[in-house]
Structure formats: structure tokens, C-alpha cells
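Whatever order the structure lists them in is the order used to number ligands and atoms, beginning at 1. Excluded from the calculations below are hydrogen atoms, water molecules and symmetry mates; all remaining heavy atoms, backbone and side chain alike, are included.
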Amino acid sequence: MALFAVFGNPVEHSLSPQIHQAFARQQQIPLIYQRRHAPLDGFTRAVEDFIQAGGIGANVTVPFKTEAYALADQLTPRAKAAQAVNTLFWRQGQLWGDNTDGEGLIQDISVLQKFDLKNKNILILGAGGAARGIILPLVQQQPAGLTIANRSRHKAQQLAQLFNVQSCDLDDIKPDYDVIINATSGSLQGQSLSLADGVLAHAQMAYDLMYAREPTIFLQQAQEAGCHNVIDGLGMLVAQAAISYQWWHGFKPDILPVVTQLRHEMQS
Ligand code: ATR
């Protein structure tokens, strides 16, 4: 039977096996999908072992996405733009790397939330790896504008220059944005962001790339500010997995029932 896995450290809490098994049930195929904990200094070796064992496709999560980017023989344009790889697959004897995170975000917003990003003014909070991974797919939606704001100003400026978008300071954000995407790790650390009053209230959508059982700190902040449409990253998680699945199996899974199932399991 074909072998698949997610590599990470830690990886024990990854929902990827559940998600991929749910997709395999939709396609009615048997599937082996493992969590593989790689040592911090042993990612390449772990992938080699996996290939030896018959592995034909893998997801890669924190902290190995940059190493996976370096390991791949070939890269998709969005993986090149992200400088990070979360999906590995073989084509004609070459190891390909894709980054499906940004496209997963787009799928969630456009298909599940039924929200059209075209001509919208988008703000990304944060300028780390998570932010970098979503910029190109967002720009491809032809928004009216895209601005990056970050606590460390120079990182926002560098990223904005690279992708030919705007940047601004975190404490100088105008209430001009239709969609605000939190790509900082603030929610993970339980820290709220210092944003001017009105910025979140003005937004039609506040989106956190993180997800949790309860609304994240950022989404709570948005709700308290008066934003009524707050979305966490669970849909993005399932959608990015679906794109990986399609590379490996040539089958496009239905993401909505899987998001619904995971949400139910998380809250019970
Ligand atoms: P990731 O790969 O998850 O993006 P990262 O590359 O370490 O992780 O980036 C984390 C991002 O969250 C950065 O943009 C960071 O801002 P700095 O560049 O100023 O460090 C941002 N961040 C983390 N905690 C934050 C907080 N409490 N307030 C504002 N920004 C925060």
C-alpha cells in the first residue's frame, strides 16, 4: 500500500493523518499516512529513510519547511515565492516541493467562506514564514491592495519590496482594510496585538492563520472591536491538505465535510 507521512518536530498533535484518512474514505482507497517525528538535525535523513521504506509523498511542518525547500529537486512557483515547502511528491524521478498553505487560505476564503478577495484591500499582520507563504496566492486574487505590517518594521519593508506590495508600521495602520489576516505567532503565544481602535472594526473579515478550540486571542480582539466575521485557520489547514492530496492521488477531496467533522471533534 502507498505510504505517506507528515514530518515535524513536534508532530504528535498534527491533524494531517485524520484529514488524509478522511479524504481517502471519500475516494474509497486504503491509505497509510504516518506522523514522523524527525530530530531537529536529522530531517534529510528522516526523508531518506521514508523513501527507502516506500514513501511516495509527504507533508512537512514546523520547523522543517525551509529544509524541505532546500531538499526538493524542483519547486512550484508558489514554493519558490514562499521559500518554504510543505508538500513533497515525485514526478519523473525528481522530488518536487510545493507550498499549499497560501492556496489553502484562498480556498477557505473563496470556497468555504464564499468571500471574493478581488478588489478588496488586504492587510497582513506579521512578516515571518507564515506571512511569506500567503503573499503570492493573495496577490493572484487581484486585490485592490495588499499591505504588510509587522512589529519589526524592516522585515515588513523587505517583504513588501520583494513582492511589490505596501508596508506600514503596526502602530500606524489606518482603518482602511476590508480583510485583515493575522500571520503573526502572537495568538500562539497568547499575546494580543497592539492595533489602533477602528482598524478591526472596519474590516469585513478578520482571519487568523492559527486555529484552536476557542476563538484565538486575535479573533477575540477582532470580535470585541466590532468585527462580525472572524475566521480561524482550520479551513485553511484542511484545504492545504486537500491540495497535497491532489498531487499524490489525482483526486480533489471535498473539504467542507472534513472541516465540519474536525470542528465537531475539537469542540466535543
Ligand atoms: P512563522 O514562521 O510562524 O511566521 P516567525 O518567522 O518566527 O514565525 O514569525 C513570527 C511573526 O510573528 C513575526 O512577524 C513576529 O514579529 P517580529 O518580526 O517583530 O518578531 C510576529 N510576532 C510574534 N509575536 C508578536 C507579538 N506579540 N506582537 C506582534 N507581532 C508578533
For ligand 1, indicate whether the residue Gln189 contacts it via side chain, backbone, both or neither (heavy-atom separation under 4.0 Å).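 The side chain, only.
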
- Task: Would you mind telling me if ligand 1 is within reach of the side chain of Asn150, the backbone, both or neither, using heavy atoms under 4.0 Å?
- Result: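 Near ligand 1, Asn150 shows its side chain, while the N, CA, C and O stay back.
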
Using a plain distance cutoff, I'd like to know if Gly126 has any nitrogen or oxygen under 3.5 Å from a nitrogen or oxygen of ligand 1.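 Among all N and O atoms of Gly126, none is under 3.5 Å from an N or O of ligand 1.
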
Protein residue, atom and distance nearest to [atom], heavy-atom basis:
| atom | answer |
| --- | --- |
| atom 8 (O) of ligand 1 | Gly129 N, 4.5 Å |
| atom 27 (N) of ligand 1 | Gln191 OE1, 2.6 Å |
| atom 9 (O) of ligand 1 | Gly128 CA, 3.5 Å |
| atom 21 (C) of ligand 1 | Thr184 CB, 3.6 Å |
| atom 19 (O) of ligand 1 | Ser152 OG, 2.5 Å |
| atom 26 (C) of ligand 1 | Arg151 NH1, 3.3 Å |
| atom 12 (O) of ligand 1 | Ser185 N, 3.0 Å |
| atom 29 (C) of ligand 1 | Leu193 CD2, 3.4 Å |

Let me know which of Ile124, Leu123, Ile173, Asp176 forms a side-chain contact (heavy atoms from CB on, under 4.5 Å) with Thr147.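 With Thr147 as partner, side-chain contact (heavy atoms from CB on, under 4.5 Å) holds for just one option, Leu123.
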
| query | For the side-chain contact (heavy atoms from CB on, under 4.5 Å) test, which of Val230, Ile181, Ile180 pairs with Phe218? | reply |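 Of all the options given, the one that passes is Ile180.
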
### Query
Can you hop from Leu105 to Leu125 via hydrophobic side chains spaced under 4.5 Å?
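They do not share one cluster, since no chain of ILVMFWY contacts under 4.5 Å joins Leu105 to Leu125.
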
message: My understanding is that only one of Phe23, Trp90, Phe4, Trp96 makes a ring pair (Phe, Tyr, Trp, His ring centres under 6.0 Å) with Trp248; could you say which?
response: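 Checked Phe23, Trp90, Phe4, Trp96 against Trp248; only one passes ring pair (Phe, Tyr, Trp, His ring centres under 6.0 Å): Phe4.
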
Review point. Considering all heavy atoms of both residues, which atom of Met236 and which atom of Leu209 are nearest to each other, and what is their separation?
Key: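 Reported closest heavy-atom pair: SD-CD2, 3.7 Å.
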
Open item on the list: Looking at Asp232 and Asp208, would you say the former's side chain and the latter's main chain have a donor-acceptor pair under 3.5 Å?
Closed with: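 No.
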
Discussion item. Checking the side chain of Gln240 only, and the main-chain atoms of Leu237 only, is there a donor and an acceptor separated by less than 3.5 Å?
Written reply: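 Judged by distance alone, yes, a pair lies under 3.5 Å.
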
- Message: To the closest 0.5 Å, what do you measure between CG (Leu71) and CD (Glu48)?
- Response: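 One gets 7.5 Å once the value is rounded to the nearest 0.5 Å.
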
Shortest heavy-atom approach to atom 1 (P) of ligand 1 - which of Gly186, Ala156, Ala131, Ala130
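Ranked by closest heavy atom to atom 1 (P) of ligand 1, first place is Ala130.
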
Using the six-membered ring wherever Trp is involved, compare the ring planes of Phe64 and Phe43 and label them parallel, tilted or perpendicular (cut-offs 30° and 60°).
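Aromatic pair Phe64/Phe43 classed parallel.
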
Which of the numbered atoms in ligand 1 are under 4.0 angstrom from any heavy atom belonging to Ala127?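 Within the 4.0 Å cut-off of Ala127, ligand 1 contributes 14 (O).
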
